[in-house]
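So the structure is just underneath, and the comments pick up after that.
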Amino acid sequence: MSPRPPTPLVAGNWKMNTTVGEGLELARALRDALDGSGVEVELLPPFPHLVGVRGVLQGSSLLLGAQDCYAEDKGAFTGEVSPAMLAGLCDDVLLGHSERRHILGESDELIARKLLAARRHHLRVILAVGETEAERLADTTMAVVDRQLRSALEGLEGVADGELVIAYEPVWAIGTGRTATPAQAEEVCVHIVTRLDQLLGEVASSVPVLYGGSVTAGNAAELFAESHINGALVGGASLKVDAFTTIVRAAEAASSASAGSR
Ligand code: PGA
């Protein structure tokens, strides 16, 4: 059976924000606003919130993801969280976010090991890739994205439909209010799709490619109008119910428009 086209996904990366109480309140409000959406909607709260938010989302269509995991199943790794602990609790795990690459010093090699570990525990991986401003100015954006994709995906065998999502997040656009233009984002997402074809084969056509970096209620619709952008990884705006809801509605509208044109 050939893979299905990607289902759009709007994922809210809360980063290191909200107390547990605030997080549960936010999750309830988002569940009430977004349950039954025509696209996939996912919350990625901090680790201490996961069990409580799972309870809030029970019985709704919203997915739950973790912001990271470690590369081993268990052992003497103080402070780390294993994918075995997330299995059954979370649907997805975000790996390779630029804040982990650049603030916490994660290497391509560590991210590749984390990806293998997450797969062992049947977590769908949202792999984030993207260039810094200096890399864009040096005209190396595509080379950087290629390196990040190749190092993470080359060792994977038999990737199946529903196991992987890619998030293209230019580092210079994250948390800065400087969104990539739709044309800039589309250009890199097209490149990513081509590389995925080479690295993964047929299943590549079912892998959603998201854009992330200062996505707001005001710019989401024009980004989703691009044909290779299948949703968004949203940071700051995912902490605001109205803004996140507007972004999800924009993804729903884009998805029905493209279904209509097929
Ligand atoms: P931002 O973050 O929307 O606040 O720019 C996006 C992300 O880091 O995933």
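Here, residue 1 is the first one in the sequence, and each next residue gets the next number. Numbering of ligands and ligand atoms starts at 1, following listing order. Not measured: the values here are computed from a predicted model.
Using a 3.5 Å distance cut-off with no hydrogens or angles, the side chains of Thr132 and His102 do not pair a donor with an acceptor.
Between the side chain of Ser37 and the backbone N or O of Leu34 there is no donor-acceptor pair closer than 3.5 Å.
Listed by atom number, the atoms of ligand 1 under 4.0 Å from Gly175 heavy atoms are 1 (P), 4 (O), 5 (O). Distances below 4.0 Å separate heavy atoms of Asn13 from the following atoms of ligand 1: 9 (O). Contact atoms of ligand 1 toward Ser214: 1 (P), 3 (O), 5 (O) (distance under 4.0 Å to a heavy atom of the residue). Interface atoms of ligand 1 facing Gly236, defined by a heavy-atom separation under 4.0 Å, are 1 (P), 3 (O), 4 (O). Atom numbering of ligand 1 starts at 1 in the shown order; those under 4.0 Å from a heavy atom of Gly213 are 5 (O). The Ala173 neighbourhood of ligand 1 comprises atoms 5 (O), with distances under 4.0 Å to a heavy atom of that residue. Contact atoms of ligand 1 toward His97: 7 (C), 8 (O), 9 (O) (distance under 4.0 Å to a heavy atom of the residue). Within ligand 1, the atoms closer than 4.0 Å to a non-hydrogen atom of Glu169 are 6 (C), 7 (C), 8 (O), 9 (O), numbered from 1 in the order shown.
If you take OG1 on Thr181 and CG on Leu223, they are separated by 8.5 Å, rounding to the nearest 0.5 Å.
A salt bridge does not link Arg150 to Asp108: none of the charged side-chain nitrogens sits closer than 4.0 Å to a carboxylate oxygen. A salt bridge does not link Arg124 with Asp161: none of the charged nitrogens is closer than 4.0 Å to a carboxylate oxygen. Under a 4.0 Å N-O distance rule, the pair Arg249/Glu252 qualifies as a salt bridge.
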Walk me through it: do Asp73 and Ser82 pass the test side chain to side chain donor-acceptor pair (under 3.5 Å)? CA-CA 5 Å; Asp73 293 353; Ser82 138; 5.2 Å; no
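Residue, atom and distance of the protein heavy atom nearest to atom 2 (O) of ligand 1 are Lys15 NZ, 3.2 Å.
Between Gly235 and ligand 1, at least one pair of N/O atoms sits closer than 3.5 Å.
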